[in-house]
Amino acid sequence: MRNIYRETFDQIHASEQLREEVANMTKQKRTASRHRISKVGLIAAVLLVVLGGTTLAAVGMPQPLRDWFALEWQERTDKDISLEQLAVIDHLTQTVGVSDTRNGTTVTLDSVTVGNSSMWMMLKVSGTYSENEALRYHFDKIDITLTPDPDQQTNTPGSYGFDFPYARVMEDGSLLILTRYQIDLAGLSSLTDVSREAVLVLSGVVCNNIDRSGDKDVVLAEGDWTLRFTLEPQTGDVVAFPDPLQVRARNVETQEMKSVTFRDVKLTATDITYIQSQEDQMYEPQPALVLEDGSVIETAGGSARFRDEGYTEWSSVKYWPVPVDLDQVKALRMGDTEIPLP
């Protein structure tokens with residue numbers, strides 16, 4: 001009935017300086033993961049408003065970004081998404097509707113949901129494609145340019161990347177592809193602090209069989225599509241924790257646990273950023289959000305870089321898989337410590 005997958009950073013873009021440094025330093029290992037929504041969840045293809053209540057029964061086959069977030073929320077928490085959570089998503093979402101046609105194939109950017117350092121983009125691709133759960137539809141190449149550049153607050157090397165959390169074939173045979181853009185801004189700026197002109201460049205519609213190890217991409221539509229749009233500035237809650245926070249963290253290489261000091265810990269609806277010393281850069285606090293209803297939202301990927309040119313402050317950003325209403329957050333969990341929101 002549909003094709004769903006989750007791959008971590010299908011394409012990562014890093015400066016040459018960063019590539020050289022990464023080659024010469026020990027770094028945290030990352031693993032790519034695939035995950036599908038069960039067929040049982042697909043059978044109940046509805047998005048039902050519960051009259052008189054504050055939740056939505058979020059299951060089915062989403063088209064707009066809002067519906068995909070509702071599905072993702074239910075999958076990760078086993079609970080229906082609340083209207084308050086949906087209101088946060090609506091606040092962060094902008095309708096775009098720009099298109100480009102190459103070689104008879106039209107790609108349309110339907111809408112974007114923009115957070116502090118991540119952006120979800122829902123794309124529609126014209127044509128007639130096969131419905132097959134094993135087929136992973138995506139673009140061969142993808143890149144974006146933002147003007148002004150949000151990563152201008154520090155001269156240390158950083159990175160950004162894309163993944164494709166979701167794709168499916170529509171009833172008319174066209175494709176719906178969700179791509180997620182994430183950038184490490186070292187906690188010093190935001191995608192939404194000023195108006196930015198965005199140029200999204202996509203090359204080649206391709207697919208591969210995710211059930212076959214090492215299966216190569218098959219080109220379905222050739223072309224280079226350019227989509228230009230404006231990211232409007234918007235306000236969002238930022239929760240800053242008093243310095244310092246001292247919690248137990250795990251060394252990602254040795255698995256050793258020890259008490260580590262974290263500073264400049266900040267929460268937004270879409271990510272968490274924090275700083276630790278260069279000496280403790282291998283210690284991971286595994287942050288998570290504990291909600292008032294008992295749900296726990298864990299991070300879905302992240303990045304790290306030095307914030308200062310003296311290379312003493314190791315800055316990390318971890319991304320929430322969906323935007324979170326911070327008014328519904330009871331505590332931040334770091335290591336084995338739960339810290340109430342200030």
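All of these numbers come straight from a predicted model, not from anything done at the bench. We count residues from 1, following the sequence as given.
- Arg263 places no side-chain N or O within 3.5 Å of a backbone atom of Ile275 that could act as its donor or acceptor partner.
- In this structure, Leu188 CG and Ser117 OG are separated by 11.5 Å, a value rounded to the nearest 0.5 Å.
- Of the possible donor and acceptor atoms, one in the side chain of Thr254 sits under 3.5 Å from a partner among the backbone N and O of Glu256.
- Counting only heavy atoms from C-beta outward, the side chains of Leu185 and Ile183 approach each other to under 4.5 Å.
- Between Leu86 and Arg66 the shortest heavy-atom distance is CB-NH2, 3.7 Å.
- A donor-acceptor contact shorter than 3.5 Å links the side chain of Ser189 to the backbone of Pro150.
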Starting from the C-alpha separation in whole Å, work towards a yes-or-no answer on side-chain contact (heavy atoms from CB on, under 4.5 Å) for Val322 and Ile89. CA-CA 9 Å; Val322 294; Ile89 292 168; 5.6 Å; no
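- With hydrogens and angles left out, the side-chain atoms of Thr268 and Asp271 include a donor and acceptor closer than 3.5 Å.
- Rounding to the nearest 0.5 Å places CD1 of Ile210 at 11.5 Å from CZ of Arg212.
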Carefully, step by step, assess Leu231 and Leu146 under the rule side-chain contact (heavy atoms from CB on, under 4.5 Å). CA-CA 9 Å; Leu231 289 182; Leu146 299 174; 4.0 Å; yes
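- A donor and an acceptor atom, one from each side chain of Gln328 and Asp293, are nowhere located under 3.5 Å apart.
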For side-chain contact (heavy atoms from CB on, under 4.5 Å), just list the numbers for Tyr181 and Ile144, CA-CA rounded to whole Å, side-chain angles, deciding distance to a tenth of an Å, and then say yes or no. CA-CA 9 Å; Tyr181 164 71; Ile144 193 168; 3.5 Å; yes
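- In this structure, the side chain of Asp149 engages the main chain of Asp151 through a donor-acceptor pair within 3.5 Å.
- Here Arg250 pairs with nothing under the salt bridge (charged side-chain N to carboxylate O under 4.0 Å, His left out) rule; sequence neighbours left out.
- By the 4.5 Å side-chain criterion applied to Ile, Leu, Val, Met, Phe, Trp and Tyr, Leu92 is assigned to a cluster that also includes Val88.
- Heavy-atom neighbours of Glu292 CD from other residues, nucleotides or ligands within 6.0 Å: above the threshold of 12.
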Do Gln246 and Ser259 pass the side chain to side chain donor-acceptor pair (under 3.5 Å) test, and can you show the C-alpha distance, the side-chain angles, and the key distance before you say yes or no? CA-CA 6 Å; Gln246 195 157 7; Ser259 181; 3.2 Å; yes
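- The distance from the CZ atom of Phe229 to the OG1 atom of Thr95 is 12.5 Å, given to the nearest 0.5 Å.
- Summarising the geometry of Val114 relative to Gln234, their closest heavy-atom pair is O-NE2, 2.9 Å, with the distance given to 0.1 Å.
- In terms of heavy atoms, Pro244 sits closest to Thr261 at CB-CG2, 3.5 Å.
- In this structure, the side chains of Val296 and Leu289 stay at 4.5 Å or more apart for every pair of heavy atoms.
- Side-chain contact of Tyr166 with Glu72: a donor-acceptor pair under 3.5 Å is absent, judged by distance alone.
- No more than 12 heavy atoms of other residues, nucleotides or ligands shown are found within 6.0 angstrom of CD on Glu171.
- Aromatic ring pairs are classed by plane angle as parallel below 30°, tilted from 30° to 60° and perpendicular above 60°; the pair Tyr129 and Tyr137 is perpendicular.
- Counting all heavy atoms, side chain and backbone alike, Ser159 lies closest to Ser303 at OG-OG, 3.6 Å.
- Heavy atoms from other residues, nucleotides or ligands lying under 6.0 Å from CD of Glu298 number 12 at most.
- You'll find the ring centres of Phe69 and Trp120 inside the 6.0 Å limit.
- The cationic group of Lys266 does not satisfy the cation-pi geometry with Tyr274, failing either the under 6.0 Å distance to the six-membered ring centre or the 45° limit from the ring axis.
- Taking the charged nitrogens against the carboxylate oxygens, Arg196 and Asp193 do have a contact shorter than 4.0 Å, which makes a salt bridge.
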Take Thr226 and Asp100, measure what side chain to side chain donor-acceptor pair (under 3.5 Å) needs, and give me the verdict at the end. CA-CA 6 Å; Thr226 300; Asp100 190 19; 4.7 Å; no
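- As a member of the Ile/Leu/Val/Met/Phe/Trp/Tyr network built from side-chain separations under 4.5 Å, Val219 groups with Val206.
- Note on Val218 and Val169: same hydrophobic cluster, where clusters join Ile, Leu, Val, Met, Phe, Trp and Tyr whose side-chain heavy atoms are under 4.5 Å apart, directly or indirectly.
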Should Ile297 and Thr77 be marked as a side-chain contact (heavy atoms from CB on, under 4.5 Å) after you check the CA-CA gap, both sets of side-chain angles, and the distance that decides it? CA-CA 7 Å; Ile297 303 295; Thr77 67; 3.5 Å; yes
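- Judged purely by distance below 3.5 Å, without hydrogens or angles, the side chains of Tyr319 and Asp184 never pair a donor atom with an acceptor atom.
- The two residues Ile177 and Val125 have their closest heavy-atom pair at CD1-CG2, 4.3 Å.
- Here CG of Leu176 is found 8.5 Å from CG of Leu65. Values are rounded to the nearest 0.5 Å.
- Within the 3.5 Å criterion, the main-chain N or O of Gly173 finds no donor-acceptor partner in the side chain of Thr128.
- Although no hydrogens or angles enter the test, the distance criterion places a donor-acceptor pair under 3.5 Å between the side chain of Asp243 and the main chain of Asp264.
- Between Val247 and Val260 there is no side-chain heavy-atom pair separated by less than 4.5 Å.
- With 3.5 Å as the limit, one finds a donor-acceptor pair spanning the side chains of Thr106 and Thr101.
- Within the 3.5 Å criterion, the main-chain N or O of Asp110 finds no donor-acceptor partner in the side chain of Thr108.
- Phe306 and Tyr311 have tilted rings, their planes meeting at an angle from 30° to 60° on a 0 to 90° scale.
- A donor atom on one side chain and an acceptor atom on the other are found under 3.5 Å apart for Thr230 and Glu197.
- Thr270 places a side-chain N or O within donor-acceptor distance of the main-chain N or O of Asn116, the cut-off being under 3.5 Å.
- There is a side-chain donor-acceptor pair under 3.5 Å between Thr113 and Thr93.
- Residues Phe139 and Val201 do not share a hydrophobic cluster, defined by chaining ILVMFWY side chains whose heavy atoms lie under 4.5 Å apart.
- Of the N and O atoms on the side chains of Thr312 and Gln278, not one donor lies less than 3.5 Å from an acceptor on the other residue.
- Residues Leu175 and Val205 are in side-chain contact: their nearest non-hydrogen atoms beyond the backbone lie under 4.5 Å apart.
- With hydrogens and angles ignored, the 3.5 Å screen pairs no side-chain donor or acceptor of Trp73 with any backbone N or O of Pro323.
- In this structure, NE2 in His138 is found 8.0 Å from SG in Cys207, a value given to the nearest 0.5 Å.
- Taking every heavy atom of both residues into account, Leu341 and Leu332 meet most closely at CD1-N, 3.8 Å.
- In this structure, Asp280 pairs ionically with Lys258, as a charged nitrogen and a carboxylate oxygen lie closer than 4.0 Å.
- The shortest distance between side-chain heavy atoms of Arg305 and Arg307 does not fall below 4.5 Å.
- Using modelled atom types, no side-chain atom of Ser174 and backbone atom of Met170 make a donor-acceptor pair closer than 3.5 Å.
- Separating the OG1 atom in Thr145 from the CG atom in Leu200 is a distance of 9.5 Å, to the nearest 0.5 Å.
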Quick one: do Lys318 and Glu284 satisfy salt bridge (Lys or Arg N to Asp or Glu O under 4.0 Å)? Show the steps, please. CA-CA 11 Å; Lys318 304 291 184 181; Glu284 169 59 53; 3.0 Å; yes
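- Val290 and Leu267 are members of different hydrophobic clusters when ILVMFWY side chains are connected at heavy-atom separations under 4.5 Å.
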